[in-house]
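A quick write-up on the structure given underneath.
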2 protein chains.
Amino acid sequence: MDVINAKLRESSYRLTGQRKAVLNVMLENKGRHLSAEEVLWEARKISPNIGIATVYRTLEKLASLEVLYKSMFEGNKYRYELAEDEKHHHHHVLCLACGLISEVSGDLLHELESDLDEQGYKIIDHELKFYGYCPACNKKK
Amino acid sequence: MDVINAKLRESSYRLTGQRKAVLNVMLENKGRHLSAEEVLWEARKISPNIGIATVYRTLEKLASLEVLYKSMFEGNKYRYELAEDEKHHHHHVLCLACGLISEVSGDLLHELESDLDEQGYKIIDHELKFYGYCPACNKKK
DNA sequence: TATAATTATGATAATGATTATCATTATATA
DNA sequence: TATATAATGATAATCATTATCATAATTATA
Ligand SMILES: [Mn+2]
Ligand SMILES: [Mn+2]
Ligand SMILES: [Zn+2]
Ligand SMILES: [Zn+2]
């Protein structure tokens with residue numbers, strides 16, 4: 001939280017009531033992947049008049065500061081999650097039955113990346129998503 | 001092409017002029033990743049009155065038959081490519097400078113998948129995207 | 001063949017997430 | 001306090017995709 005505050009100040013972003021609200025929502029949902037709309041409903045419990053535009057703006061700012069990660073899940077909707085610097089670069093498993101999003105921290109992709117390096121590519125980032133059934137849904141069948 | 005025809009017949013889909021046009025476009029662009037809009041323009045050279053709805057419908061059908069692969073690239077737009085069964089499950093490298101989409105056929109992800117298997121997951125599919133600079137753009141800097 | 005049933009098409013409206021606009025308000029600075 | 005700057009919320013615009021629906025083409029049936 002102090003780190004986040006520092007990042008905001010560095011970029012001369014004011015920590016307004018609305019931004020505090022959005023931040024609180026994300027902090028209280030550590031580990032969850034929320035859509036802008038979901039953040040809006042939660043944030044309105046703290047800052048009742050906050051508008052969707054401000055939510056989008058704040059989420060974008062926080063993502064650009066790497067306080068949040070932004071990722072597309074349903075194919076037409078972004079979701080945001082708190083970036084915990086420990087598992088900096090993690091990946092996702094999506095359950096095709098219940099929609100559960102779980103995480104994979106292992107990262108054996110560096111071998112592929114170094115292959116690409118040798119071919120002349122400069123790889124900056126990668127994103128991996130597994131699709132399948134979570135343990136609970138897998139048992140039910 | 002015979003295979004595709006067979007697949008269509010199996011599903012009792014008529015191979016209409018419009019569908020032939022869309023198919024031709026995809027066949028003549030083997031290896032490229034086209035948006036629905038791009039397919040529309042090309043298809044109109046063959047079937048001038050074809051509408052965007054028919055293009056979407058046809059692309060969806062062909063994707064469900066696994067004749068095409070469908071994948072999101074720009075974050076808000078799907079692209080379709082001919083599914084060549086050789087490199088069945090390939091992955092993508094996106095150049096952040098010129099937008100070039102190249103492909104990675106290596107697949108070291110099975111280790112991650114088997115980890116998940118042991119945890120009770122049933123993995124059906126996965127999608128990996130690298131973001132970075134292609135060799136050409138990488139040199140220019 | 002004539003007719004009925006099915007499937008496909010194209011124009012256009014609707015949808016839904018995101019972005020842009022703009023007048024108003026809050027905050028910081030001189 | 002006056003003034004510049006940043007932030008906000010309502011709402012319109014955008015853009016890809018999907019739904020609707022009347023019409024046309026194809027196939028099955030009598
Ligand atoms: Mn995550
Ligand atoms: Mn490809
Ligand atoms: Zn599940
Ligand atoms: Zn490039």
Side-chain angles (χ1 to χ4, degrees), chain A residues 4-5 7-25 33-65 67-81 99, chain B residues 4-5 7-25 33-65 67-81 99:
Chain A
I4 297 173
N5 229 311
K7 279 189 181 177
L8 285 170
R9 248 177 278 136
E10 265 177 42
S11 312
S12 70
Y13 291 148
R14 298 176 189 161
L15 190 50
T16 64
Q18 291 90 332
R19 285 176 181 171
K20 264 184 209 159
V22 168
L23 252 175
N24 275 343
V25 169
H33 306 76
L34 304 178
S35 68
E37 203 71 21
E38 286 169 349
V39 173
L40 176 67
W41 298 127
E42 288 305 307
R44 285 207 164 146
K45 293 179 185 169
I46 310 169
S47 181
N49 295 319
I50 190 172
I52 187 70
T54 298
V55 170
Y56 272 108
R57 283 187 287 237
T58 305
L59 291 173
E60 281 311 299
K61 272 203 202 316
L62 293 174
S64 78
L65 294 174
V67 171
L68 303 180
Y69 283 145
K70 177 188 182 183
S71 188
M72 175 154 306
F73 284 99
E74 286 93 348
N76 64 333
K77 192 192 276 187
Y78 284 105
R79 291 186 169 274
Y80 302 81
E81 63 176 309
Chain B
I4 297 173
N5 229 309
K7 278 189 183 178
L8 285 170
R9 250 177 277 133
E10 266 177 40
S11 313
S12 69
Y13 291 149
R14 298 172 190 163
L15 191 49
T16 63
Q18 291 90 331
R19 286 176 182 171
K20 264 183 209 159
V22 169
L23 251 174
N24 275 343
V25 169
H33 305 77
L34 304 178
S35 67
E37 204 71 20
E38 286 168 351
V39 173
L40 177 68
W41 298 127
E42 289 305 307
R44 284 205 164 145
K45 293 178 185 169
I46 310 169
S47 181
N49 296 319
I50 190 172
I52 186 70
T54 297
V55 169
Y56 271 109
R57 283 186 286 237
T58 305
L59 290 174
E60 281 310 300
K61 271 201 202 320
L62 293 174
S64 78
L65 294 174
V67 170
L68 303 180
Y69 284 145
K70 176 188 182 183
S71 188
M72 173 152 307
F73 284 98
E74 286 93 349
N76 63 334
K77 194 191 275 186
Y78 284 105
R79 291 186 169 275
Y80 301 81
E81 64 177 306

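Nothing here was measured: the structure is a model prediction, and the numbers come from that model. In what follows, every chain begins at residue 1, and chains take the letters A, B, ... in the order their sequences are listed.
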Evaluate side chain to side chain donor-acceptor pair (under 3.5 Å) for Tyr80(B) paired with Glu60(B), printing each intermediate quantity in order.
CA-CA 9 Å; Tyr80(B) 301 81; Glu60(B) 281 310 300; 3.0 Å; yes
Table of protein N/O atoms under 3.5 Å from nucleotides 2-4 of chain D N/O atoms:
none

What is the separation between atom CG on Leu59(B) and atom P on dT9(C), rounded to the nearest whole Å?
12 Å
Would you say a side-chain N or O of Gln18(B) is under 4.0 Å from OP1 or OP2 of dA25(D)?
no
Only one of Glu81(A), Arg79(A), Lys70(A) passes side chain to side chain donor-acceptor pair (under 3.5 Å) with His33(A), and that residue is Glu81(A)
Protein-nucleic acid N or O pairs under 3.5 Å, nucleotides 14-18 of chain D:
from, atom 1, to, atom 2, distance (Å)
dA16(D), O3', Asn76(B), O, 3.4
dT17(D), OP1, Tyr78(B), N, 2.8
dT17(D), OP2, Tyr56(B), OH, 2.4
dT17(D), O5', Tyr56(B), OH, 3.3

How close or far is atom P of dT12(C) from atom CG of Asn49(B), stated in whole angstroms?
13 Å
Could you tell me the separation between the NZ atom of Lys61(B) and the P atom of dA8(C), rounded to a whole number of Å?
6 Å
Would you check if Val39(B) and Glu42(B) make a side-chain contact, meaning some heavy-atom pair closer than 4.5 Å?
no
Any donor-acceptor pair under 3.5 Å from Arg19(B) side chain to Thr58(B) backbone
no
Taking the side chain as every heavy atom from C-beta outward, state whether Gln18(A) and Val22(A) have any atom pair closer than 4.5 Å.
no
Could you give the distance from OG (Ser71(B)) to OH (Tyr78(B)), rounded to the nearest 0.5 Å?
8.5 Å
Can you check the Glu74(A) CD to dA17(C) P distance for me, whole Å?
9 Å
Determine: side-chain N/O of Thr16(A) to OP1/OP2 of dT8(D), distance under 4.0 Å, yes or no.
yes
Measure the distance from CH2 on Trp41(A) to P on dA17(C) and round it to the nearest whole Å.
12 Å
Of all heavy-atom pairs linking Ser35(A) and Lys77(A), the shortest is CB-CD, 3.7 Å
Separation of dA25(D) atom P from Arg19(B) atom CZ, nearest Å, is 15 Å
Of Arg57(B) and Gly17(A), whose closest DNA chain D nucleotide lies nearer the 5' terminus?
Gly17(A)
List the atom pairs, donor and acceptor, that lie under 3.5 Å between side-chain atoms in residues 47-57 of chain B and the rest of the protein, sequence neighbours left out.
from, atom 1, to, atom 2, distance (Å)
Thr54(B), OG1, Arg57(B), NH2, 3.3

Do Ile4(B) and Lys7(B) make a side-chain contact, defined as non-hydrogen atoms from C-beta onward lying under 4.5 Å apart?
no
Whole angstroms only, please: what is the CZ-P distance between Phe73(A) and dT18(C)?
13 Å
